[in-house]
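Before any comments, here is the structure.
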Amino acid sequence: MTLFQTLKSRHLVEACTCDEAQMEKLLEKPLTVYAGFDPTAECLQAGNFVTIMTLAHLQRAGHRIIALVGGATGMIGDPSGRATERTLLTEEQVHRNLEGIKENLSRFLKFDDPLNPALLVNNYDWYKDYTLIPFLRQIGTLFRMKPMLAKDSVQKRLTAEQDSMTFTEFTYQILQGYDFYHLYKTYACTLQLGGSDQWGNITAGTDLIHRTLGNHIPVNGLTFPLVCDANGQKFGKSAGNAIYLNPEKTSYYDFYQFFLRTLDADAIRYLRIFTFLPEERIQELAASLAAHPEQREPQKVLAEALTRAVHGEKGLSIAQKASAVLFGGTLEGLTAPDLEAIFANIPSATLPRQAIIGHSILDILASSGFQKSKSEARRLLQGGGLSLNNQRVGEDFPLTPAHLIDNRLLLLRSGKKSYFLLRAAD
RNA sequence: GGUGGGGUACCGAAGUGGCCAACCGGGGCAGACUGUAAAUCUGCUGUCUCUGACUUCCUUGGUUCGAAUCCAAGCCCCACCA
């Protein structure tokens, strides 16, 4: 199977700037390939996995990988797929984010491979010293208005009813296009990868290179589809919150659970996209899903593979242990340190002991910050959705020292999976 | 700049003097059923000292026994024209 066929079978191909047969042939020889990452957060998100996996496939096949972090473009904001303008990041934020992103990427891409190391570049490096006039003279002159205005991302914003596009955002495609030009000149990079929403930005680059250096220059773009779940929701969000790779932002447990909760209809496709499991194994899991859907074998394999890749054996083990405790039932035999470890990243609060003992559970729910207001707490309690130390609580009552695990912890839970740890301080 | 329309809870959207903490839909939160699935059904969704009280319907003043609803001024948004 050729690399291109592999990518196709893994749902990682949407479109390319040349025809597919040509692309298939191109990928047979080692190329230098790049894809961009927005440094909008201090770490990457599950939504970045598709890009990462595609790059990883290419690196495994012997291509040289460049991960471009958009230090400069991140300060501008990509208008693609957005109805409104992004909040601009500060310079310090972007620099902080770079470090985290490299760390995340290194879980999937080899940056220190002696034969074929991946590269990490930051486009801030080649834009930072530009001042306005040289930029306009040297780079601005390379672009033509008509194609820029014709871009889908621009048209959508210009015709949008509210909130029009700023010049700053409009300039984004110049930077993005010039990135490709720069990487071609510097690293002989000839292929750019991106999500299908990046089409306009990718062609801005290939067009630029063709126009300035000649149509014979073999630069191309390859896009992969944006991943949505069977309900049409964009992949990588859980209840509106992004799933981050950084355990401080998304706990091992939440990360693992996110994949474990994958819909049946998505599980097999996700295995193809997000893991390197061979097709035979995936077929087995598909059969397992069909025969015993309640076992959720594919989901378990998926969650395990990704948690291990991102968080290592240690993170996986914590996530699994936590899952067992949280879905197994009682907290029998668990000590406060156990709970602290399992719930390390779960929302928590510390209150003085005298603010807990003798106070009603209702007051505690609100005063700890677990529930937004006392009314909300009351509704939760009346609706039968509250558990204390994994035991359903039906009505209000005052707390006694007996409720404290190891004399210092309270485990509150709303519904089935929303936990909150309350510590008593002396 | 001119003319017209509009600002109601997380979003959309009713309500145009008392029956309004405000119909309805979406979303969200719980409950039942389940496989930590989907679908479905049920309840809740301003705050509190919670069978009642309090603060809300852009802002500020006013009319009135009583205003989200009427009046005035201001702020903001939209459409068409220039």
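First the proteins, then the strands, lettered A, B, ... as listed; each starts at 1. Every heavy atom of this structure was used, including side-chain atoms; hydrogens, water molecules and symmetry mates were not.
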Quiz prompt | Residues touching RNA chain B, which here means a heavy atom under 4.0 Å, drawn from residues 302-318 of chain A | solution = none
Quiz item: Can you tell me how far P in B/C70 sits from the matching atom in B/C24, rounded to whole Å?
Solution: 23 Å
Quiz item: Between B/C10 and B/A22, how far is it from one P atom to the other, in whole Å?
Solution: 16 Å
Quiz item: According to the salt bridge (charged side-chain N to carboxylate O under 4.0 Å, His left out) rule, which pairs have a member within residues 392-409 of chain A, sequence neighbours left out?
Solution: A/E340-A/R408
Self-check item: Residue of the set A/F274, A/Y253, A/F235 for which ring-ring contact (aromatic ring centres under 6.0 Å, His included) holds with A/F258
Solution: A/F235
Exercise. Provide the full list of ring pair (Phe, Tyr, Trp, His ring centres under 6.0 Å) pairs with a residue in residues 359-391 of chain A, sequence neighbours left out, each pair given once.
Key: A/F370-A/F420
Quiz item: Less than 4.0 Å between a side-chain N and a carboxylate O, is that true for A/E20 and A/K8?
Solution: yes
Quiz item: Should B/A67 form a Watson-Crick or G-U wobble pair with both distances under 3.5 Å, which nucleotide is its partner?
Solution: none
Quiz prompt | A/F397 and A/H403 aromatic ring geometry - parallel, tilted or perpendicular at 30°/60° bounds | solution = tilted
Quiz prompt | Pairing residues for A/E103 by the salt bridge (Lys or Arg N to Asp or Glu O under 4.0 Å) criterion, not counting sequence neighbours | solution = A/R107
Quiz item: In whole Å, what separates the P atom of B/G12 from that of B/C58?
Solution: 14 Å
Practice problem: Determine the interatomic distance between C1' on B/C54 and the same-named atom on B/U60; round to the nearest Å. | Solution: 22 Å
Self-check item: Side-chain N,O (A/S418) to OP1/OP2 (B/C29) below 4.0 Å
Solution: no
Detail all sub-3.5 Å separations between protein N/O atoms and N/O atoms belonging to nucleotides 51-56 of chain B.
none

Self-check item: Integer-rounded Å distance: B/A30 C1' and A/L365 CG
Solution: 13 Å
Quiz prompt | Distance, rounded to the nearest Å, where A/D396 contributes CG and B/U49 contributes P | solution = 11 Å
Self-check item: Which residues share a salt bridge (Lys or Arg N to Asp or Glu O under 4.0 Å) with A/D229, sequence neighbours left out
Solution: none
Quiz item: Does B/A39 have a Watson-Crick or wobble partner in any strand here, with both distances under 3.5 angstrom, and which is it?
Solution: none
Check the interface with nucleotides 45-48 of chain B: list each N/O to N/O pair with the protein under 3.5 Å, or write none.
{"unit_1": "B/U47", "atom_1": "OP1", "unit_2": "A/S373", "atom_2": "OG", "d": "2.9"}
{"unit_1": "B/U47", "atom_1": "OP2", "unit_2": "A/R379", "atom_2": "NH1", "d": "3.4"}
{"unit_1": "B/U47", "atom_1": "OP2", "unit_2": "A/R379", "atom_2": "NH2", "d": "3.3"}
{"unit_1": "B/C48", "atom_1": "OP1", "unit_2": "A/K374", "atom_2": "N", "d": "3.0"}
{"unit_1": "B/C48", "atom_1": "OP2", "unit_2": "A/K374", "atom_2": "N", "d": "3.2"}
{"unit_1": "B/C48", "atom_1": "OP2", "unit_2": "A/S375", "atom_2": "N", "d": "2.5"}
{"unit_1": "B/C48", "atom_1": "OP2", "unit_2": "A/S375", "atom_2": "OG", "d": "2.6"}

Quiz item: Are there more than 12 heavy atoms of other residues, nucleotides or ligands under 6.0 Å from atom NZ of A/K321?
Solution: no
Quiz prompt | Partner nucleotide of B/G4 by Watson-Crick or wobble geometry (both distances under 3.5 Å) | solution = B/C78
Quiz prompt | B/A32 and B/A79, which share atom name C1', separated by this distance in whole Å | solution = 49 Å
Exercise. If B/C54 has a Watson-Crick or G-U wobble mate with both distances under 3.5 Å, name it; if not, just say none.
Key: B/G46
Practice problem: Take atom C1' in B/U8 and the same atom in B/C23, then report the distance between them in whole Å. | Solution: 13 Å
Quiz item: How many Å lie between CD on A/Q382 and C1' on B/C29, as a whole number?
Solution: 14 Å
Quiz item: Any side-chain donor paired with an acceptor under 3.5 Å for A/N390 and A/S387?
Solution: no
Quiz item: Does any nucleotide pair with B/A14 by Watson-Crick or G-U wobble geometry, both distances under 3.5 Å, and what is it?
Solution: none
Exercise. Would you mind reporting whether A/N123 and A/L68 have side-chain heavy atoms less than 4.5 Å apart?
Key: yes
Quiz item: So what's B/A21 paired with, Watson-Crick or G-U wobble, going by both distances under 3.5 Å?
Solution: none
Quiz prompt | With sequence neighbours excluded, residues passing ring pair (Phe, Tyr, Trp, His ring centres under 6.0 Å) with A/W126 | solution = A/H182
Quiz item: So which pairs with a foot in residues 263-281 of chain A pass side-chain hydrogen bond (donor to acceptor under 3.5 Å, both in side chains), sequence neighbours left out?
Solution: A/D264-A/Q299, A/D266-A/R269, A/R272-A/E279, A/E279-A/Q283, A/R281-A/E284
Nucleotide N/O to protein N/O under 3.5 Å, stretch nucleotides 33-36 of chain B:
{"unit_1": "B/U34", "atom_1": "O4", "unit_2": "A/K416", "atom_2": "NZ", "d": "3.3"}
{"unit_1": "B/G35", "atom_1": "O6", "unit_2": "A/D264", "atom_2": "OD2", "d": "3.3"}
{"unit_1": "B/G35", "atom_1": "N1", "unit_2": "A/D264", "atom_2": "OD1", "d": "3.4"}
{"unit_1": "B/G35", "atom_1": "N1", "unit_2": "A/D264", "atom_2": "OD2", "d": "2.6"}
{"unit_1": "B/G35", "atom_1": "N2", "unit_2": "A/D264", "atom_2": "OD1", "d": "2.6"}
{"unit_1": "B/G35", "atom_1": "N2", "unit_2": "A/D264", "atom_2": "OD2", "d": "3.4"}
{"unit_1": "B/G35", "atom_1": "N2", "unit_2": "A/P293", "atom_2": "O", "d": "3.4"}
{"unit_1": "B/U36", "atom_1": "O2", "unit_2": "A/Q257", "atom_2": "OE1", "d": "2.7"}
{"unit_1": "B/U36", "atom_1": "O2", "unit_2": "A/R261", "atom_2": "NE", "d": "3.3"}
{"unit_1": "B/U36", "atom_1": "N3", "unit_2": "A/Q257", "atom_2": "OE1", "d": "2.8"}
{"unit_1": "B/U36", "atom_1": "N3", "unit_2": "A/Q257", "atom_2": "NE2", "d": "3.2"}
{"unit_1": "B/U36", "atom_1": "O4", "unit_2": "A/Q257", "atom_2": "NE2", "d": "3.3"}

Practice problem: Considering only atom P, compute the distance from B/A30 to B/C78 and round it to an integer number of Å. | Solution: 37 Å
Self-check item: Any pair counted as salt bridge (charged side-chain N to carboxylate O under 4.0 Å, His left out), so long as it reaches residues 305-317 of chain A, sequence neighbours left out
Solution: A/E304-A/R308, A/R308-A/E313
Quiz item: Does any nucleotide pair with B/U60 by Watson-Crick or G-U wobble geometry, both distances under 3.5 Å, and what is it?
Solution: B/A72
Exercise. May I ask you to decide if the ring planes of A/Y127 and A/Y178 are parallel, tilted or perpendicular, using 30° and 60° as cut-offs?
Key: tilted
Quiz item: Taking the same atom, P, in B/C57 and in B/A68, what whole-Å distance lies between them?
Solution: 7 Å
Pairs of donor and acceptor atoms involving the side chains of residues 44-53 of chain A, under 3.5 Å and at least two apart or interchain, shall be tabulated with distances.
{"unit_1": "A/N48", "atom_1": "OD1", "unit_2": "A/Q45", "atom_2": "N", "d": "2.9"}

Practice problem: Measure the distance from CG on A/L386 to C1' on B/C44 and round it to the nearest whole Å. | Solution: 15 Å
